[in-house]
J.: 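Just dropping this structure here.
Every number for a ligand or one of its atoms is a count from 1 in the order of the listing. Residue indices begin at 1 and follow the sequence shown. Everything quoted here is computed from the prediction, not taken from an experiment.
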Amino acid sequence: MEAERGLVRKRNANTHPKRCVRPAQQVSERIGYMYQVKAKVLSNEKLSEAHYRIKLEASQIAKAARAGQFVHIRCGPGYDPLLRRPFSIHKSRQGRIDVLYQVVGKGTGLLSQKRRGDQLDSLGPLGKGFEIEPAFKKIFIVGGGIGVAPLYMVAQEITRMGQGQDVTVLLGAKNKELILGKDEFERLGLEVTIATEDGSTGYRGLVSNLFQELILSQTSLSVAVYSCGPVSMLRKIAELSRHRGFFCQVSLEQKMGCGLGACLGCVIRGRSGYLRVCKEGPVFDAKEILWDDLGL
Ligand SMILES: Cc1cc2nc3c(=O)[nH]c(=O)nc-3n(C[C@H](O)[C@H](O)[C@H](O)COP(=O)(O)OP(=O)(O)OC[C@H]3O[C@@H](n4cnc5c(N)ncnc54)[C@H](O)[C@@H]3O)c2cc1C
Ligand code: FES
């Protein structure tokens, strides 16, 4: 069993006074919980050259997690790397969470060496997740590369609502070996369209270009878009959505320190002021983001 080391009760970030950009219909406020646990590794499976899926026993985090929230994991045993690393909660069920991750450096390299039975100091669930609205008739879920990680729980929540919405899942990657999570969305009964940059399967080109083509024939005004991936992709999805008047939420990545809103290490400038990605985000209304500020 995981050892619960601390429990902090906090107000949901939706209540932050600066967060004034909201969809027309706001979901009701909830009181969130954050836990620090020694999460036991149940498995750590290699999915492709650089991608892994780690399953962790973390019952309190699993129970409290919402789509788009993240866990902050201490990847190594010592002080190198000093800081925890943030990862989206890919799945939460029956006392465990799954994290999909890509090895890009020291922290993720150490994570890839974890074996069944190891323990990981984990904080979560953190941040503000997606606001899933039952009111929209058409929903696009758009993931690029490892950006698919937080989107499975979005799809799960939408299908659980059972409002009969028309859901289109678009997944993009460089090539077919790097497509992640297709089967999982299909098991929810959703149709998935793939885009690969090299054309090895599905649409040839960027997933944002596929999105652009698909929305040409979209006549409904009641459209929501939930997206995660590289910033350049998110910017394009956000701009296309704004032109068409779609409600669009994006999950951003930023290097993080505390992950708790205290150090200001993850701050970006938004239209309504400075925003901490770990606290007011990582999911934002796309209209709130000043994309030029993100170095694009
Ligand atoms: C809210 C949030 C959720 C996230 N969810 C996930 C997730 O579900 N799965 C996942 O794999 N990653 C996710 N990330 C990114 C992940 O946190 C970083 O990849 C990780 O911190 C890198 O740590 P590292 O020590 O391995 O690399 P570092 O040593 O910190 O960096 C090594 C090199 O990789 C570069 N780098 C760092 N991050 C990335 C990146 N995301 N993509 C490409 N290059 C990068 C650095 O600039 C540097 O050059 C998320 C980030 C945030 C903020
Ligand atoms: S990482 Fe410390 S405020 Fe966001």
J.: Got the closest protein heavy atom to atom 9 (N) of ligand 1, with its distance?
T.: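 Ranked first by proximity to atom 9 (N) of ligand 1 is Leu100 O, 2.8 Å.
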J.: Flag the pair Leu275 / Val267 as yes when at least one side-chain heavy-atom distance between them is below 4.5 Å, and no otherwise.
T.: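 The answer is no; the side chains never approach within 4.5 Å.
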J.: Do Phe140 and Tyr226 have ring centres separated by under 6.0 Å?
T.: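 No, the ring centres sit 6.0 Å or more apart.
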J.: With only distance considered, is Tyr101 within less than 3.5 Å of ligand 1 through an N or O on each side?
T.: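 Tyr101 vs ligand 1: no N/O contact under 3.5 Å.
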J.: Atom 40 (C) of ligand 1: which protein heavy atom is closest, and how many Å away?
T.: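 Of every protein heavy atom, Glu253 OE1, 3.9 Å lies nearest to atom 40 (C) of ligand 1.
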J.: As an exercise, state the distance from CG of Leu221 to CZ of Phe247, rounded to the nearest 0.5 Å.
T.: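 Here the interatomic distance stands at 15.5 Å.
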J.: So, are Lys55 and Glu45 salt-bridged, with charged N and O less than 4.0 Å apart?
T.: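 Looking at Glu45 together with Lys55, the answer is no, because their closest N to O distance does not fall below 4.0 Å.
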J.: Can you confirm, on distance only, whether ligand 1 has an N/O atom lying under 3.5 Å from any N/O atom belonging to Leu252?
T.: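 Between Leu252 and ligand 1 (N or O atoms, distance only) the closest approach is not under 3.5 Å.
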J.: Any idea how many protein N, O or S atoms are nearer than 2.8 Å to atom 4 (Fe) of ligand 2?
T.: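 For atom 4 (Fe) of ligand 2, protein nitrogen, oxygen or sulfur atoms under 2.8 Å: 2.
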J.: Between Ser208 and Met233 (side chain of the first, backbone of the second, donor and acceptor by atom type, cut-off under 3.5 Å), is there such a pair?
T.: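 No, Ser208 side chain to Met233 backbone: no donor-acceptor pair under 3.5 Å.
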J.: Can you name the atoms of ligand 1, numbered from 1 with element, that are less than 4.0 Å from a heavy atom of Ala149?
T.: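 Answer for ligand 1: 8 (O).
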J.: Regarding atom 21 (O) of ligand 1: of the candidates His72, Lys255, Arg84, Arg85, which has the closest heavy atom?
T.: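 Among His72, Lys255, Arg84, Arg85, the closest heavy atom to atom 21 (O) of ligand 1 belongs to Arg85.
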J.: Check Asp292 with Arg235, please: is the shortest side-chain N to carboxylate O separation under 4.0 Å?
T.: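 Judged by the 4.0 Å cut-off on N to carboxylate O distance, Arg235 and Asp292 do form a salt bridge.
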J.: Mind checking whether Gln254 has an N or O less than 3.5 Å away from an N or O of ligand 1?
T.: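 No; the residue has no nitrogen or oxygen that sits under 3.5 Å from a nitrogen or oxygen of the ligand.
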J.: Considering only NZ, NE, NH1 and NH2 on the basic side and carboxylate oxygens on the acidic side, decide whether Asp198 and Arg204 come within less than 4.0 Å.
T.: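 Looking at Asp198 and Arg204, the cut-off is not met.
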J.: Can you confirm whether some protein heavy atom lies under 4.0 Å from atom 16 (C) of ligand 1, or whether none does?
T.: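 It does: a protein heavy atom is found less than 4.0 Å away from atom 16 (C) of ligand 1.
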J.: Out of all atoms in ligand 1, which are within 4.0 Å of some heavy atom of Met256? Include the element for each.
T.: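 It comes down to these atoms of ligand 1: 53 (C).
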J.: If you measure from each non-hydrogen atom of Pro86 to ligand 1, which part falls under 4.0 Å: side chain, backbone, both or neither?
T.: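 Within the 4.0 Å criterion, Pro86 contacts ligand 1 through backbone and side-chain atoms alike.
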J.: Between Glu197 and Lys176 (salt bridge meaning N to carboxylate O under 4.0 Å), is one present in this structure?
T.: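 No salt bridge links Glu197 with Lys176.
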J.: N/O of Ile146 under 3.5 Å from N/O of ligand 1, yes or no?
T.: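 No: no nitrogen or oxygen of Ile146 is under 3.5 Å from one in ligand 1.
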J.: Using the side-chain hydrogen bond (donor to acceptor under 3.5 Å, both in side chains) rule, take Lys138 and Thr168 through it: C-alpha gap first, then chi angles, then the decisive distance, then the call.
T.: CA-CA 8 Å; Lys138 172 74 193 177; Thr168 296; 2.5 Å; yes
J.: Can you find an N or O of Gly107 that's nearer than 3.5 Å to an N or O of ligand 1?
T.: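 Between Gly107 and ligand 1 (N or O atoms, distance only) the closest approach is under 3.5 Å.
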J.: Within the structure, does at least one protein heavy atom fall under 4.0 Å of atom 49 (O) of ligand 1?
T.: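 Given the 4.0 Å cut-off, atom 49 (O) of ligand 1 does not count as touching protein heavy atoms.
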J.: What protein heavy atom sits nearest atom 26 (O) of ligand 1, and how far off is it?
T.: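 Checked against all protein heavy atoms, atom 26 (O) of ligand 1 sits closest to Thr108 OG1, 2.5 Å.
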J.: Using the ring centroid of each side chain, check whether Tyr52 and Tyr101 are separated by less than 6.0 Å.
T.: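 Yes, close enough.
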J.: Nearest protein heavy atom to atom 27 (O) of ligand 1, by residue and atom, and its distance?
T.: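 Nearest neighbour among protein heavy atoms for atom 27 (O) of ligand 1, to 0.1 Å: Gly105 CA, 3.5 Å.
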J.: Under a 4.0 Å threshold between the charged nitrogen and the carboxylate oxygen, would Asp98 count as salt-bridged to Arg96?
T.: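 So Arg96 pairs with Asp98 through a salt bridge.
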J.: For ligand 1, which is the ligand I care about here, please tell me if Pro282 has any N or O atom under 3.5 Å from one of the ligand's N or O atoms.
T.: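 N/O-N/O distance under 3.5 Å: no.
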J.: For atom 5 (N) of ligand 1, grab the closest protein heavy atom and report residue, atom and distance to one decimal in Å.
T.: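 Of the protein heavy atoms, Ser88 N, 3.0 Å lies nearest.
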J.: To check your reading of the model: name the closest protein heavy atom to atom 32 (C) of ligand 1, its residue, and the distance in Å.
T.: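 Ranked first by proximity to atom 32 (C) of ligand 1 is Val104 O, 3.3 Å.
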J.: How close does the nearest protein non-hydrogen atom get to atom 12 (N) of ligand 1, and which residue and atom is it?
T.: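 Result: Phe87 CD2, 3.9 Å.
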J.: Between Asp80 and Lys106, does at least one N-O distance fall below 4.0 Å, as a salt bridge requires?
T.: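 Salt bridge between Asp80 and Lys106, a charged N being under 4.0 Å from a carboxylate O: yes.
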J.: Any side-chain donor paired with an acceptor under 3.5 Å for Gln212 and Lys236?
T.: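 Yes.
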J.: Cluster partners of Leu82, using ILVMFWY side-chain heavy atoms under 4.5 angstrom, listed by chain and number?
T.: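 Hydrophobic cluster check, Leu82: joined to Tyr79.
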J.: Under 4.0 Å from a heavy atom of Gln102: give me the atoms of ligand 1 that qualify, with their elements.
T.: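 The list of qualifying atoms is 10 (C), 11 (O).
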J.: Among protein heavy atoms, which lies nearest atom 29 (O) of ligand 1, and at what distance?
T.: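 Atom 29 (O) of ligand 1 sits closest to the protein heavy atom Lys106 N, 3.7 Å.
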J.: Under a plain distance cut-off of 3.5 Å, with no hydrogens placed, do Gln36 and Ser122 share a side-chain donor-acceptor pair?
T.: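 Checked: Ser122/Gln36 side chains show no N/O donor-acceptor pair below 3.5 Å.
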J.: Going by atom types only, do Tyr274 and Glu280 share a side-chain donor-acceptor pair under 3.5 Å?
T.: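 Distance-only check fails for Tyr274 and Glu280.
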